[in-house]
Amino acid sequence: MSTYDVAVIGSGPGGYVAAIRCAQLGMKTAIIEKYDVLGGTCLNVGCIPSKALLDSSHHYEDAMKHFEEHGIEITGDIKLNLKKMIERKASVVDQTTKGIAFLMDKNKIDVFTGMGAFKDATHIEITNGKKKETIEAKNTIIATGSKPATLPFIKLDKDRIITSTEALNMKEVPKHLIVIGGGVIGLELGQVYNRLGAEVSVVEYMDRIIPTMDSAQSKELMKVMKKQGVKFYVSHKVSAVSKKGKEVTVTATDKNDKEVTFKGDYCLVSVGRKPYTEGLKAENAGVKITERGMIDVNDQLQTNIKNIYAIGDVVRGAMLAHKASEEGVMVAEIIAGQKPHIDYNLIPGVVYTWPEVASVGKTEEQLKDAKVEYKSGQFPMRALGRSRASGDTDGFVKILSDKKTDEVLGVHMVGARVADLIAEAVTAMEFRASAEDISRMSHAHPTYAEAVKEAALAATDDRALHI
């Protein structure tokens with residue numbers, strides 16, 4: 001029987017990063033993955049493939065609608081080859097997962113393919129078909145991730161009533177795609193197929209889309225996506241989803257309790273994700289799982305069993321790939337005797353629509369609820385020379401700072417490349433910068449980043465220069 005200092009169950013962004021950090025710290029490490037390829041949901045059926053389709057569909061939309069204004073004239077029809085687009089997405093995924101396999105080899109991490117299940121707190125049985133083997137691990141990191149959630153009355157047939165997994169491998173562009181859920185996944189995939197020619201209707205239970213983000217971002221993104229042709233039905237509670245032949249019917253009630261019916265050829269159910277622990281047999285190790293299916297952990301991400309840890313989507317907090325990676329590093333360093341920490345308030349959230357949406361820290365609603373006195377500075381992207389040059393004039397940057405100390409409490413962005421731009425805000429907030437600190441930093445011209453400086457100036461005694 002092989003013995004390891006650390007065994008990691010799950011090879012997503014949390015698991016594989018944890019394994020690499022453990023190996024870097026000199027621990028003999030194994031990683032267990034039930035599928036034949038590494039990378040988990042994010043790399044195989046999540047972050048990476050969805051971004052590939054977002055980029056491909058963005059190129060198609062530009063060619064159809066925007067090239068001419070740049071002086072690029074195309075003679076003849078522009079044709080969509082969905083099969084090739086999906087193949088390119090698969091190629092991107094393949095390259096990325098092979099990169100993870102290379103990193104496992106480079107760091108001398110033993111990879112086991114099969115379902116990992118606890119026999120007890122220090123032994124894990126790995127089942128791959130009829131083959132079974134057991135390894136011993138002094139410490140185990142559970143990184144089994146999540147899977148798409150649904151509503152109890154919805155029967156997913158994965159043909160017409162689908163999750164994000166199936167939406168990444170469509171054989172045709174829907175005529176009318178009904179999206180249940182106005183969160184990140186629904187909006188991103190809804191925009192992909194809207195660009196490719198589908199009618200898209202988003203049905204959201206809450207009174208706004210991306211409800212966990214700042215309300216100004218919700219309003220701006222909905223305004224822009226409406227211009228792009230997406231239809232929104234907020235404050236609608238879905239009560240039934242049925243299929244007859246190639247037609248899907250979604251029944252909902254609006255805020256006035258009036259029944260509304262939507263008919264389309266596909267329905268994407270994107271109501272969030274739920275922790276995945278099936279087959280783990282955590283009970284054999286004595287690991288507690290909450291009523292909501294999450295693994296219970298302390299501030300060190302340690303379960304009730306002292307040598308077993310859990311990270312990522314399977315524990316509390318936002319279900320984000322980068323959050324899982326940070327937790328993987330933290331746990332590896334804790335096992336090695338170090339004292340790392342994570343400030344969960346400073347883990348950014350991003351929606352990869354176009355314009356992109358990015359956020360870090362407290363929203364305006366959270367500050368109001370906590371009765372924190374704050375200042376707000378906002379700057380529109382359309383006032384930037386860079387935005388006008390690229391034609392990406394939608395969006396804004398908003399900075400919230402403490403009224404007394406001027407410390408930045410939250411930064412909320414909508415616009416081109418704000419998924420990358422949010423890192424500036426995270427860096428500033430990690431070092432507890434004031435709005436004035438940011439306003440006094442030189443920002444290259446012309447760039448989208450100038451909006452951050454201008455928003456900081458706006459939050460500092462309303463001193464924005466270009467509005």
Side-chain angles (χ1 to χ4, degrees), residues 4-33 38-44 46-48 96-97 99-112 116 137-146 275-276 287 294-303 305-350 360-361 419-420 422-431:
Y4 295 90
D5 296 312
V6 181
V8 182
I9 305 176
S11 71
Y16 86 73
V17 168
I20 290 171
R21 188 65 184 125
C22 286
Q24 286 178 342
L25 291 165
M27 291 178 266
K28 187 181 179 186
T29 307
I31 192 164
I32 303 161
E33 172 54 57
L38 303 174
T41 291
C42 176
L43 274 65
N44 290 282
C47 325
I48 301 303
T96 309
T97 55
I100 304 306
F102 165 77
L103 289 171
M104 297 300 100
D105 187 53
K106 175 190 171 187
N107 288 281
K108 298 180 173 56
I109 297 163
D110 289 347
V111 177
F112 292 88
K138 294 175 188 173
N139 298 281
T140 299
I141 302 172
I142 301 168
T144 47
S146 63
Y276 183 81
V287 173
M294 288 183 177
I295 294 177
D296 204 14
V297 291
N298 61 19
D299 289 344
Q300 283 73 49
L301 298 170
Q302 186 180 43
T303 69
I305 306 301
K306 66 179 182 178
N307 67 310
I308 300 175
Y309 299 79
I311 62 173
D313 289 3
V314 83
V315 301
R316 63 177 180 263
M319 291 185 174
L320 298 169
H322 46 285
K323 178 248 195 191
S325 295
E326 295 299 329
E327 290 180 333
V329 170
M330 186 174 91
V331 167
E333 292 176 353
I334 286 170
I335 293 171
Q338 298 181 12
K339 299 187 183 298
H341 81 285
I342 295 173
D343 186 344
Y344 285 95
N345 182 53
L346 298 186
I347 292 178
V350 178
V360 67
D420 301 290
I422 197 67
E424 176 180 354
V426 177
T427 303
M429 291 174 70
E430 279 283 2
F431 288 91

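Count residues from 1 along the sequence.
Taking CD1 of I142 as the reference point, atom CD1 of I295 lies at 3.5 Å (rounded to 0.5 Å). Summarising the geometry, atom CD1 belonging to I31 is positioned 10.0 Å from atom OH belonging to Y16; distances are rounded to the nearest 0.5 Å. Rounding to the nearest 0.5 Å gives a distance of 11.0 Å between CE of M104 and CG of D110. Rounding to the nearest 0.5 Å gives a distance of 8.0 Å between CG of D299 and CE of M330. Distance CG/N44 to OG/S11: 7.5 Å, rounded to 0.5 Å. Considering OH of Y309 and CG of L301, their distance stands at 9.5 Å, rounded to 0.5 Å.
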Under 3.5 Å, sequence neighbours excluded: what are the donor-acceptor pairs made by side chains of residues 331-342?
| unit_1 | atom_1 | unit_2 | atom_2 | d |
| --- | --- | --- | --- | --- |
| E333 | OE2 | R21 | NE | 2.9 |
| E333 | OE2 | R21 | NH2 | 3.2 |

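When every heavy atom of Q24 is checked against every heavy atom of N107, the shortest pair comes out as CG-OD1, 4.2 Å. For the pair A23 and I109, the tightest heavy-atom approach, listed with the atom from each and the gap, is CB-CG1, 3.9 Å. Residue P348 comes nearest to L320 through the heavy atom pair O-CD1, 3.6 Å, listed as atom of the first residue, atom of the second, then distance. In terms of heavy atoms, L38 sits closest to A101 at CD1-CA, 3.8 Å. When all heavy atoms of T29 and C22 are compared, the pair lying nearest together is OG1-CB, 3.5 Å. S146 and D313 get closest at one heavy-atom pair: OG-OD2, 2.7 Å.
A salt bridge does not link D5 with K28: none of the charged nitrogens is closer than 4.0 Å to a carboxylate oxygen.
At least one donor-acceptor pair closer than 3.5 Å links the side chain of K323 to the backbone N or O of G312. Here the side chain of S325 pairs a donor or acceptor atom with the backbone of P13 at under 3.5 angstrom. With hydrogens and angles disregarded, no donor-acceptor distance shorter than 3.5 Å links the side chain of N139 to the backbone of V6. T303 places a side-chain N or O within 3.5 Å of a backbone atom of I308 that can act as its donor or acceptor partner.
With sequence neighbours excluded, the residues that form a side chain to side chain contact (heavy atoms under 4.5 Å, CB included) with A18 are I141, I311.
Between N307 and K138 there is no side-chain heavy-atom pair separated by less than 4.5 Å.
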* **Full working for side chain to side chain contact (heavy atoms under 4.5 Å, CB included) between V111 and E33** => CA-CA 8 Å; V111 177; E33 172 54 57; 5.6 Å; no
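Checking I305, I9, V287, V8 one by one against T140, the side-chain contact (heavy atoms from CB on, under 4.5 Å) holds for a single residue, I9.
If you check the side chains of E326 and Y344, you find no donor sitting under 3.5 Å from an acceptor.
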